[in-house]
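Worth knowing before you read on, the calculation uses all heavy atoms, side chains too, and leaves out hydrogens, waters and symmetry mates. Lettering follows sequence order; numbering is per chain, from 1.
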Amino acid sequence: MITESILGTDFLIKNAKEIQVVIDNNAPEIEKLDQEIGDGDHIFNIQRGIKLVIELEPIIKHLSMSKALNQIAMKILSGIGGSSGALFGTLFMTMAKVSNIDDGIDYKKAINMFVDGVEAVKQRGKADVGEKTMMDVLIPVANCLKEGVEKDIDLKDLMRKTIETAEKGMLSTKNLLATKGRASFLGERSKGHIDPGARSSQLMIKTVCMSILNT
Amino acid sequence: MITESILGTDFLIKNAKEIQVVIDNNAPEIEKLDQEIGDGDHIFNIQRGIKLVIELEPIIKHLSMSKALNQIAMKILSGIGGSSGALFGTLFMTMAKVSNIDDGIDYKKAINMFVDGVEAVKQRGKADVGEKTMMDVLIPVANCLKEGVEKDIDLKDLMRKTIETAEKGMLSTKNLLATKGRASFLGERSKGHIDPGARSSQLMIKTVCMSILNT
Amino acid sequence: MKKFLNSTDDFLKESLQGFGAAHKDIISCHYNPNIITRSKATKKGKVVIISGGGSGHEPMHGGFVGYGMLDAACPGFVFSSPSPDQMIAASEKVEGGAGILFIVKNYSGDIMNFQMASEMITGASETVLINDDVAVEDSSYTTGRRGVAATVIVEKIVGSLAETGGSLKECKILGDKVNRNSGSMGVAFSSCTVPAAGKPTFKLGPDEMEFGVGIHGEPGRRRDKVQPAQEITNELLGAIIEDLKLENNGEILLFVNGMGGTPLTELYLLYDNAKKTLDNKNIKIARSLVGNYCTSLEMQGASLTITKLDQELKKHWDSPVHTAAMRWGL
Amino acid sequence: MKKFLNSTDDFLKESLQGFGAAHKDIISCHYNPNIITRSKATKKGKVVIISGGGSGHEPMHGGFVGYGMLDAACPGFVFSSPSPDQMIAASEKVEGGAGILFIVKNYSGDIMNFQMASEMITGASETVLINDDVAVEDSSYTTGRRGVAATVIVEKIVGSLAETGGSLKECKILGDKVNRNSGSMGVAFSSCTVPAAGKPTFKLGPDEMEFGVGIHGEPGRRRDKVQPAQEITNELLGAIIEDLKLENNGEILLFVNGMGGTPLTELYLLYDNAKKTLDNKNIKIARSLVGNYCTSLEMQGASLTITKLDQELKKHWDSPVHTAAMRWGL
Ligand SMILES: Nc1ncnc2c1ncn2[C@@H]1O[C@H](COP(=O)(O)OP(=O)(O)O)[C@@H](O)[C@H]1O
Ligand SMILES: Nc1ncnc2c1ncn2[C@@H]1O[C@H](COP(=O)(O)OP(=O)(O)O)[C@@H](O)[C@H]1O
Ligand SMILES: [Mg+2]
Ligand SMILES: [Mg+2]
Ligand SMILES: [Mg+2]
Ligand SMILES: [Mg+2]
């Protein structure tokens, strides 16, 4: 079911463009979240990153998957800065390194790449579930996808489940006490606000899942 | 009529105290005037000066008139700063220098002292009538008093006439173009506002005249 | 938002260009990636000191590049950590063959980006992590405390050691020591406005202050009514003194730092008030620094930093320095 | 009003105390009357340079007292000229036997108070009157133009001549020349608040600026919508260049001065924009100064100053100076 080889660099660009629309639509909310418990730049970091990735289109459409992902990773890393630059840069850098991805990518392999990527992000940021960061979205989503592959769940069902998982993870950050990232400096005052990185990650994951659901 | 010898240092202190009340009552207006065409400090300069003069009471009540006036002049000069410090300081310094004032002062001599003082202020500031400064009050008032003495007008009538003259002078500054003082930097924009120094001078003169009227 | 700029996109570039042109005798600005290096090449065998962080804290760090202090600075976007390629480019440009010391303020973004850079460069490197902000509770299982104004002190002192032949290891040890010896805390009377955001990061009432504010406008310990300067000073010093366990008769450096929008007169008034408090406690101010050195854009506010001094620290504080924002003895 | 202070009455005193304590190696503060002198005695035969003016423009003038610049400064109350007794006390404290040069900004209050002081002191004295603000029309039958940021440049250059043995007459001539060679103009994005007043001197709409503002918040040429930095720069420079009749290929000093509440990044951006305009006109920036030197409390805004240079001026600009706010070569 999730084994057809269908994912090329056009998939990356198409999703980046859709993500751009969704992020722009939710920009005021994300901005506010990082102003409440961070330094207010998260939305600009994310928007700048997406724009830079989309601008890569003419270059990466002729590249192999590993090279394309690496270009994206470098662009994110150098173009965003801040926590999200390092974290999302690590995500893509790791995905680029997964073996044999230039031989064609099916959904199963794509999920493995993402799972590896999230593991690297976890190492980079040293944050786990429950610390009020994007990891509260990324780790549950990675687990959900891994389980889906193991249990060979129907792709569309898995996407729906993933959307739910991401949303739940995002919402869970609201009442958590931040122990990692800039929000941790607030101590108890960090409670009661959704983590901006969790919100942006959830929106991006939802967008990709929706786009798969709609194909 | 205006020749009885009645003016001692107690007259100075009494008037200073009455002036303090009047200036305090009109402080917001004076402050606003200097904010509009100056730098906003005129009221504080004047208030500080009056306070310092009143504080001199224990010292000057035992002094001769010339010494008392000199003390007041030095206090004003050193305690106020700004244009008004130099101008009012000059006024009192000059009055202190008028000859024979320690032999007793009647209203005629007092008026001569004031007239000499205003002339010195005019020299110091190099401003004449029509330049939108306190001189638009001081010069007409000095002229009015001088004329009163020459024509031997009744003291109370002269006081009433002086109050009117001061008020007219003060109001005249409204439509003048400032050519001296800080307001001159505004050029045409100085028009339409009463000069703060003219207003404070007019109020002080009115207070002294009223106090003479009420004796 | 009222700022001198032409477009928020070009803000940083134009500002760096101006900085580069105004101080071309001391520093050079390079673009894509953005780095600021000394205008003179590193002398062989010198440990190079590289710092960096989000922009918006000027003169930190670019204003501290020059003889006796930093070899290079990596300015990120406003309040965003620089990216690894900046640190990599900087390390290539100023390499002296004796290793690189990174001075990094303790923020997740900065740590991660500097870490990635360290992993990617070939030569030896060490990192001094600055976490002097006593407003935030310290804890090893969280991110810990923020790095704020003590960064300036660390950069000056370690810069001096590197200039006078200190090894990478010695520089790392001294940097950690200065950081350990330092505590800071600040208060804000107004927010700042990140150019890209176009509106204030937070809002304070007309009589409110943010006590223990961070240098990006992060909330502090609490929001409170504005207090007289002496009371603010006492509370800031109290927290710092407790944290540093300052003893009677100890010598310190007192650093009164403006957040960008507070005039010097008020900073000197705070210095006066702090001196009164310290005099009472028999704590001796042996060295002083007063001014806007570690700012938060145009924020109104100030922070106090105390660094415990000994002979070594005093020597390196006094040594000549020639940067755009700090200069003496040269 | 949010300020670091304990009472508006003690504001100036406590601030001076802090200034005196923080820089006791360079200056000494004296009280009643308030004056700031160098901590070292004047060497015999040196012309002494004394400046002063209302407080609120810090670091001007106290921050410029020290080797190579001023011998003493007389700080008045905030935005109020100092009084003659301050100048008299200062001239007695720093007398060197070769006369006194007063540097006075062209405001009625300052002129009258300095004049009274000159009349009261016994020794020889001269006065250099600064009137560089091209925002205000010049005219001999009015007060003329305001003295603003060029004061800093005059104090540096004349200070150097006095330090290196210039006579009273030579200092007076050079001071007048620097003033004549200088033009300035500023713009404000926000008002300032005089402590004693407790509320802003003027009000600007959220998108308004005051073009040609004075350093006490006096209104300027006009109120206008905020413009992009490059346009503001062009208009400021246009007025200055026209006034100074700058020729192609002339060498100048470009001074970007902050009003107190504007961050360095924006000042450097203005420098960049000004450089572009001057490059286009073939006017060469031979020397630069960027920073908050002649401020208006916490006002947000900036001014540009241009001084035409020649060999003599460059030499005295470059010579060593050691003050709290300006230091090089020492
Ligand atoms: N150590 C970490 N591990 C995982 N995610 C983190 C970590 N630190 C911060 N984040 C995420 O980064 C987000 C903030 O990103 P951003 O605003 O771009 O960077 P910065 O915090 O440097 O300003 C937070 O909302 C949080 O989700
Ligand atoms: N040259 C002058 N001659 C006479 N009066 C003057 C002169 N310059 C200023 N003034 C008066 O001084 C007043 C302002 O005084 P004040 O605010 O105390 O001083 P400053 O202008 O120095 O701030 C003006 O309103 C004006 O009446
Ligand atoms: Mg952020
Ligand atoms: Mg005034
Ligand atoms: Mg950030
Ligand atoms: Mg004044």
Handout entry: Heavy-atom check, side chain of B:Arg124 versus side chain of D:Ile111, under 4.5 Å
Key = no

Exercise for the section: Drop me the distance from D:Met112's CE to B:Ser84's OG, to the nearest 0.5 angstrom. Expected result: 8.0 Å

Completion exercise
Honestly, the part of B:Lys126 sitting under 4.5 Å from a heavy atom of chain D is side chain

Exercise for the section: Please say whether more than 12 non-hydrogen atoms of neighbouring residues, nucleotides or ligands are located less than 6.0 Å from NZ in B:Lys206. Expected result: no

Exercise for the section: Give a yes or no on this: more than 12 heavy atoms of other residues, nucleotides or ligands lie within 6.0 Å of atom CD of D:Glu242. Expected result: no

Exercise for the section: Locate the shortest heavy-atom distance separating D:Thr201 from B:Gln35; write the atom from each residue and the value. Expected result: O-CB, 3.8 Å

Exercise for the section: Taking the side chain as every heavy atom from C-beta outward, state whether B:Arg182 and D:Ser108 have any atom pair closer than 4.5 Å. Expected result: no

Handout entry: Contacting moiety of D:Asp85, where chain B heavy atoms sit under 4.5 Å
Key = side chain

Fill in the blank from the handout: Given B:Gly40, B:Gly181, B:Gly89, the one with more heavy-atom pairs under 4.5 angstrom with chain D than any other is B:Gly181

Problem - Separation between CD of D:Gln86 and CG of B:Leu77, rounded to the nearest 0.5 Å - result: 10.5 Å

Exercise for the section: Please find out if less than 6.0 Å separates the ring center of D:Tyr107 from that of B:Phe185. Expected result: yes

Exercise for the section: Kindly check if the number of other-residue, nucleotide or ligand heavy atoms within 6.0 Å of NZ (D:Lys2) is above 12? Expected result: yes

Practice task
Sort out for me which of B:Arg48, B:Met74, B:Glu131, B:Lys180 touches chain D most, counting heavy-atom pairs under 4.5 Å.
Solution key: B:Arg48

Exercise for the section: Indicate the atoms forming the closest heavy-atom contact of D:Asn113 with B:Gly81, along with that distance. Expected result: ND2-C, 4.2 Å

Exercise for the section: Find the one option among D:Glu218, D:Met116, D:Gln115 whose heavy-atom pairs under 4.5 Å with chain B are most numerous. Expected result: D:Met116

Handout entry: Most contacts with chain B, counted as non-hydrogen pairs under 4.5 angstrom, among D:Gly217, D:Gly54, D:Pro84, D:Pro33
Key = D:Pro84

Problem - Sub-4.5 Å side-chain heavy-atom contact between D:Ser80 and B:Asp41 - result: yes

Handout entry: Pairs of heavy atoms under 4.5 Å with chain B: top-ranked of D:Ala197, D:Pro82, D:Pro200, D:Gly76
Key = D:Ala197

Handout entry: Test: D:Glu210 and B:Arg189 ion pair at under 4.0 Å
Key = yes

Exercise for the section: Sort D:Pro219 into side chain, backbone, both or neither according to what part of it lies under 4.5 angstrom from a heavy atom of chain B. Expected result: both

Exercise for the section: Evaluate whether atom NZ of B:Lys67 has more than 12 neighbouring non-hydrogen atoms of other residues, nucleotides or ligands under 6.0 angstrom away. Expected result: no

Handout entry: Contact class of B:Ile80 relative to chain D, heavy atoms under 4.5 angstrom
Key = backbone

Practice task
Mark yes when over 12 heavy atoms from residues, nucleotides or ligands other than B:Asn25 sit less than 6.0 Å from its CG; otherwise mark no.
Solution key: yes

Fill in the blank from the handout: Bottom line for D:Phe202: the part with an atom under 4.5 Å from chain B's heavy atoms is neither

